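Structure first, then comments.
Labels below follow one simple rule: chain letters A, B, ... track the order of the sequence lines, proteins then strands, and each chain is numbered from 1. Side chains included, hydrogens not; waters and symmetry mates left out as well; all remaining heavy atoms used. Given the structure is predicted, the values throughout are model-derived calculations rather than measurements.
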Amino acid sequence: MALLRSLPENATLADLRQTYADLLEKLRPYGHRLMRGPSPLTPGQRELIAAFVSGVNSCRYCHGAHSLVARAFGVDEAVLAASLDDTAVAPIDARLKPILRYVRKLTETPSRMTAADAAAVYDAGWNDEALLHAIAVCAYFNNMNRLVEGAGIVGSAEHYAISARRLVEHGYLRGVAKHKKPPASRKPNVAPARRRTRRQR
Amino acid sequence: MIQRWVDRLHRHIERAPPQGGTQMPFFPSLPQDATTKQVFTAHPEIYSHWARVSEAILRGPSPLTPAQRELIGAYVSSLNSCQYCYGGHRAAAELFGIAPETIDGLIHDLATAPVDSRGGGSKKHPVTRQP
């Protein structure tokens, strides 16, 4: 049940975004750039980290939605569940294991990261840009998990599916309201955000 | 814009360096004494957008004053034992007029701290530790 009195009882993240648009709309270009923009990590790997971190935080809404998005990008839900259960034995790409261990520890005990944790990521063949992107995705979902749980948003399997479909089809820039425009009239999602960045620098 | 934001943040941080010794960053491409300033400016493709998020959350229109928001920033950072963010946002809260003893009191014991009880941290505690 929603903990903010301005939200309907069975509020979704879309309700929260609409009610507090001034504050929360700024997250969209950042989230889109982070999750769909250029990165050493594929969108599927980033969605896996998103679902994984949300699972570590037991955030049902984010974990539910991003598990479905990750599946659409080719990540098996059983593999995600096994990674959350025990990353060491999960049947997942060995290169991803030190990254998942890193973001789990960063979520649970953020001040205890060590050079050895980072070295395990580098030893798997990643560079520090890849590690930074993994950290930024982890941080973003810790933020979203707390927005959702702090506002008391629970959602349902139906909500998770609607959110996931929007994230797969349109990325992070578009809200539900603009969802009904025909695809032909849409500009590429990432363009407006880039233009703004240049002008403001 | 990002440069202005980063510069302002770091003016705060330089006035109150984190306690307890600084740690080497884990990124080989950054200098050993790197701060968030280097991380942000080395990766503008990510952090230029984040500057706008931070600005809206911490300085934009809100029922909470910037001082109250910086106090929450310092308090949450202390719950996470993040010396760097705690040092920077504690200094920022003090610059906005929060008394040092108020922050010390919060860190020591939320229940008896000399802070406006309307700002009461009873909600901040669980959302950081058990989201």
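- At a 4.5 Å heavy-atom cutoff, the contact between A:Leu34 and chain B is made by side-chain atoms alone.
- Aromatic ring pairs are classed by plane angle as parallel below 30°, tilted from 30° to 60° and perpendicular above 60°; the pair B:Phe26 and A:Tyr102 is perpendicular.
- A:Asp117 places a side-chain N or O within donor-acceptor distance of the main-chain N or O of A:Thr114, the cut-off being under 3.5 Å.
- Taking chain A as the reference chain and counting heavy-atom pairs below 4.5 Å, the highest number among B:Gly60, B:Cys82, B:Ala56, B:Pro28 is found for B:Pro28.
- No part of A:Leu24 comes within reach of chain B, as not one of its non-hydrogen atoms sits under 4.5 angstrom from that chain.
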Q. Would A:Ile49 and A:Leu41 count as a side chain to side chain contact (heavy atoms under 4.5 Å, CB included) if you check the C-alpha gap in whole Å, the side-chain angles of each, and the deciding distance to 0.1 Å?
A. CA-CA 10 Å; A:Ile49 295 170; A:Leu41 304 172; 3.9 Å; yes
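- At least one donor-acceptor pair closer than 3.5 Å links the side chain of A:Asn142 to the backbone N or O of A:Cys138.
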